[in-house]
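By convention in this document, chain letters (A, B, ...) are assigned in the order of the sequence lines, proteins followed by strands, and residues within each chain are numbered from 1.
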Amino acid sequence: MDFLTLIQLLDSTVRLATPLLLACLAGLFSERAGIFDIGLEGKMLAAAFFSAAIAALTGSVWLGLLAGIAASMSLSLLHGLASITFRGNQLISGVAINFLAAGLTVLIAQDWFQQGGRTPSLMGGGRFEPITLPFAEALAQVPLLGPIYSELISGHSILVYIAFATVPLTWWVLYRTRFGLRLRAVGENPAAVDTAGVSVVALRYAAVLICGVLCGIAGAYLSTALQAGFVKDMSAGRGFIALAALIFAKWRPWYALYATLLFGLFGALETRPDVIEAVIGIRVQGQLLGALPYIMTVIILAGFVGKAIPPRAGGTPYVKER
Amino acid sequence: MDVVPKWAEVILVPLISLILAALLSALVILAIGEDPIAAVNLMITGALGSTYGWGYTLYYATNFLFTGLAVSVAFHAGLFNIGGEGQAMLGGLGVALACLLIPWPHWTIALLAATVMAGLFGAAWAAIPAFLQAKRGSHIVITTIMFNFIAAAVLNYVLVNLMRPAGSMDPATARFPEAVHLPTLHDILGLVGIEFSRAAPANVTFLIAILACVLVWLLMWRTWLGYEIRSYGKSEPAARYAGISPVAITMIAMLISGALAGMMAINNVMGEAERLVLNAVEGAGFIGIAVALMGRSHPFGVFLAAILFGFLYQGGAELALWTSIPRELIVVIQALVILFTGALDNMVRMPLERIFLMLRRRRDA
């Protein structure tokens with residue numbers, strides 16, 4: 001395998017890891033606050049549709065992004081209503097949200113555009129275009145570092161850079177702010193937080209809404225940057241891979257980055273079986289690569305390779321007094 | 001003592017949830033510029049107005065009966081088996097192997113063997129998540145979700161690389177031999193002189209599904225094992241104190257659940273398609289969740305809920321055929337049913353509790 005192929009491979013790794021990373025960090029906020037969220041998939045899908053639809057109707061991708069975030073946040077509110085206010089089962093609520101998004105997006109797409117559940121193809125201002133970073137052209141000729149800078153680091157859409165910047169931001173919010181400390185506490189021991197006079201409900205709603213914003217960006221990236229328009233079920237299980245990555249990362253932001261990059265690499269390799277064969281000399285089935293994130297997560301969950309322990313209060317609604 | 005009386009718990013709460021889901025669905029239909037009443041009429045004539053419609057309704061209902069029972073058995077043990085989809089896929093593989101590898105002389109023996117294989121494969125696919133939950137404490141919801149995706153990959157690999165007949169481009173197995181063809185309701189009802197549509201796929205599996213309902217009821221409410229499963233689901237510490245082994249109950253409940261989900265394959269793979277295709281399950285594993293929630297995990301409730309969802313599926317297909325409402329409307333209805341009967345259960349129950357409390361106070365006073 002030559003150097004350029006490697007760069008191309010890593011480049012598509014970054015592209016494929018971006019939505020996983022955003023969704024994974026979204027889940028991180030929610031689950032660290034004690035709200036399990038298996039509705040990441042649905043929120044991404046809803047955001048993907050509304051971003052593409054509004055971008056197609058108005059011609060502005062930024063309005064599309066806002067619409068996507070709004071759609072995702074309203075599903076988050078629904079999840080909050082069910083799991084925080086009415087103390088319902090968070091897993092069942094997540095399942096319902098996934099189906100709601102899968103059904104409604106196609107229904108509305110058919111009503112608005114009559115194209116069999118898709119939006120028109122986006123062009124021009126309707127998409128997030130790749131950004132060429134300064135000096136990328138000039139430095140392209142520099143050996144080794146030149147291609148890395150101009151091909152791998154430069155030339156992505158703004159959402160990719162936002163996603164990567166969210167990692168340190170998440171770390172800072174969680175571990176260096178008062179809000180983050182409380183957020184983590186509410187996922188471990190909500191009663192203690194409540195005793196300290198801090199509202200458990202407000203903290204959990206805040207976490208769920210942040211989750212909505214990040215899922216919204218992830219969905220918008222799918223339909224306005226990675227592809228040009230919405231097609232039915234375009235999230236294609238990415239929300240669940242993000243969930244797998246979250247467990248793999250043991251609910252920590254930097255590890256979430258590594259996990260999603262790894263799973264992104266699997267995705268990139270799936271389309272390039274020739275590369276794997278050249279490197280390790282064995283033909284690996286595409287299906288195996290596709291299933292690898294799930295298999296690895298099960299192994300991690302089983303605790304054979306470093307046990308993943310979820311936030312202690314995760315999944316249980318908080319009842320103030322009995 | 002519970003505030004809400006039993007009859008209200010069993011009938012009123014699901015009914016109100018269902019009405020809420022129906023009202024919201026009607027709003028969705030209005031919002032996309034169609035007439036909800038006309039839509040309901042079309043669904044009723046399409047799904048229940050002819051033996052053809054009934055044939056499809058019952059065919060879908062058979063799938064949902066198996067997956068609904070699967071989810072409810074796990075619910076009784078306090079486990080949420082979201083992996084019915086994957087278990088049904090593997091069950092399909094079991095059926096395909098049984099039907100293709102052995103030349104069966106008659107469909108009755110083939111059906112027996114296929115049922116056993118489907119159950120075994122489904123149970124095997126549930127066994128690993130069950131073991132990990134019981135022994136290693138890994139969350140069963142997450143592992144069963146992961147196993148759905150792994151099942152899809154396994155099936156894809158098997159169909160593309162191993163079981164695809166030479167020269168065929170389709171990722172599907174060869175057609176099953178004529179001898180394993182299951183009698184449809186047309187054949188069965190024809191024996192007693194009732195005319196039933198020849199084209200509809202409902203088959204003898206429907207009767208097996210009803211039998212499964214009865215057996216699950218017997219198991220849950222008339223045997224020691226069922227009692228242990230239910231007490232474990234109600235309170236793990238109490239069950240442990242009573243000498244019930246959490247590991248054994250988790251394993252057994254999940255194996256039964258997986259076997260039931262897998263057995264769905266005798267309906268869709270052996271009874272209808274008569275070969276194994278990639279998306280044979282078509283989401284029936286997930287509909288099992290809605291069916292179990294609506295049926296309150298009781299076999300009779302599951303039976304009613306499965307028929308309702310069978311009606312919705314066939315009615316939805318008719319809607320998509322004759323109006324501009326896409327089939328995905330059913331997915332929305334399904335989501336709303338899961339939301340109201342599952343996650344927003346307290347939203348319905350809390351006001352009801354208040355009403356019953358008020359009534360009781362007035363009576364006591």
Engineer: Rounded to the nearest 0.5 Å, what separates atom CD1 in B:Ile29 from atom CG in A:Leu107?
Structural biologist: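 That separation rounds to 8.5 Å.
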Engineer: Nearest 0.5 Å please: distance from the OG1 atom of A:Thr85 over to the CG atom of B:Leu344.
Structural biologist: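 Atom-to-atom, A:Thr85:OG1 and B:Leu344:CG are 9.5 Å apart.
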Engineer: Which pair of heavy atoms, one from B:Asn346 and one from A:Phe86, lies closest together, and at what distance?
Structural biologist: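 Closest pair (atom of B:Asn346, atom of A:Phe86, distance): ND2-O, 2.7 Å.
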Engineer: How would you list, by chain and number, every residue that makes a salt bridge (Lys or Arg N to Asp or Glu O under 4.0 Å) with B:Glu282, sequence neighbours excluded?
Structural biologist: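 In terms of salt bridge (Lys or Arg N to Asp or Glu O under 4.0 Å), with neighbours along the sequence ignored, B:Glu282 is linked to no residue.
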Engineer: Between B:Ile128, B:Asn161, B:Val160, who has the most heavy-atom pairs with chain A when the cutoff is under 4.5 Å?
Structural biologist: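 Ranked by heavy-atom pairs under 4.5 Å with chain A, first place is B:Asn161.
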Engineer: Quick one: closest heavy-atom pair of B:Ser138 and A:Ala302, and the distance?
Structural biologist: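 Nearest pair, atom of B:Ser138 first, then A:Ala302: OG-CA, 3.7 Å.
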Engineer: Nearest 0.5 Å, please: how far is CG in A:Leu288 from CD1 in B:Ile150?
Structural biologist: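 That separation rounds to 10.0 Å.
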Engineer: Restricting to non-hydrogen atoms, name the atom on A:Ile92 and the atom on B:Ala343 that form the minimum distance, rounded to 0.1 Å.
Structural biologist: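 Minimum heavy-atom contact is CG2-N, 3.8 Å.
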Engineer: What part of B:Ala31 lies closer than 4.5 angstrom to a heavy atom of chain A: side chain, backbone, both or neither?
Structural biologist: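 Backbone only.
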Engineer: Identify which part of B:Leu293 has an atom lying under 4.5 Å from any heavy atom of chain A, answering side chain, backbone, both or neither.
Structural biologist: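 Answer is side chain: those atoms of B:Leu293 sit under 4.5 Å from chain A.
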Engineer: Can you tell me which portion of B:Ile145 sits under 4.5 Å from chain A's heavy atoms? Options are side chain, backbone, both or neither.
Structural biologist: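 When you check distances to chain A, only side chain atoms of B:Ile145 fall under 4.5 Å.
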Engineer: Would you mind reporting whether A:Gln110 and B:Glu328 have side-chain heavy atoms less than 4.5 Å apart?
Structural biologist: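 No; the side chains remain at least 4.5 Å from each other.
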Engineer: I need the residue from B:Lys135, B:His139, B:Met146 with the largest number of non-hydrogen atom pairs under 4.5 Å to chain A.
Structural biologist: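 Heavy-atom pair counts peak at B:Met146.
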Engineer: Measure A:Leu78 against the heavy atoms of chain B and call it side chain, backbone, both or neither at under 4.5 Å.
Structural biologist: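 Contact with chain B: side chain only.
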Engineer: Can you list the residues of residues 35-52 of chain A that sit under 4.5 Å from chain B, counting heavy atoms only?
Structural biologist: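 Expected list: A:Phe36, A:Ile38.
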Engineer: Is B:Val28 close to chain A through its backbone or its side chain, or both, or neither, when contacts mean heavy atoms under 4.5 Å?
Structural biologist: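 For B:Val28, the side chain is the part near chain A, not the backbone.
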Engineer: Would you mind checking which part of A:Ile97 comes under 4.5 Å of any heavy atom in chain B, side chain (CB onward), backbone (N, CA, C, O), both or neither?
Structural biologist: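 For A:Ile97, there is no contact with chain B at all, as no heavy atom is under 4.5 Å.
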Engineer: With rounding to the nearest 0.5 angstrom, report the CG to CD distance, A:Asp111 to B:Glu34.
Structural biologist: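 The CG atom of A:Asp111 sits 8.5 Å away from the CD atom of B:Glu34.
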Engineer: Tell me whether B:Arg349 at atom CZ has more than 12 heavy atoms from other residues, nucleotides or ligands lying less than 6.0 Å away.
Structural biologist: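 Enclosed.
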Engineer: Drop me the distance from A:Asn98's CG to B:Phe286's CZ, to the nearest 0.5 angstrom.
Structural biologist: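 So the gap between those two atoms works out to 8.5 Å.
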Engineer: Using 0.5 Å steps for rounding, measure from the CG atom of A:Leu100 to the CG atom of B:Leu336.
Structural biologist: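 Interatomic distance, A:Leu100 CG to B:Leu336 CG, rounded to 0.5 Å: 5.5 Å.
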Engineer: Would you call the rings of A:Tyr294 and B:Phe149 parallel, tilted or perpendicular if under 30° counts as parallel and over 60° as perpendicular?
Structural biologist: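 Parallel.
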Engineer: Please give me the minimum heavy-atom distance between A:Gln287 and B:Tyr157, naming the atom from each residue.
Structural biologist: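 Here A:Gln287 and B:Tyr157 meet closest at NE2-CA, 3.5 Å.
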Engineer: Could you tell me which of B:Ile142, B:Ile289, B:Asp345 has the largest number of non-hydrogen atom pairs under 4.5 Å with chain A?
Structural biologist: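 Sorted descending by pairs with chain A, the first entry is B:Ile142.
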Engineer: For B:Phe131, is it the side chain, the backbone, both, or neither that has a heavy atom closer than 4.5 Å to a heavy atom of chain A?
Structural biologist: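 Neither part; nothing is under 4.5 Å.
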Engineer: Below 4.5 Å from any heavy atom of chain A, which atoms of B:Ile32 appear? Answer side chain, backbone, both or neither.
Structural biologist: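 Both backbone and side chain of B:Ile32 come within 4.5 Å of chain A.
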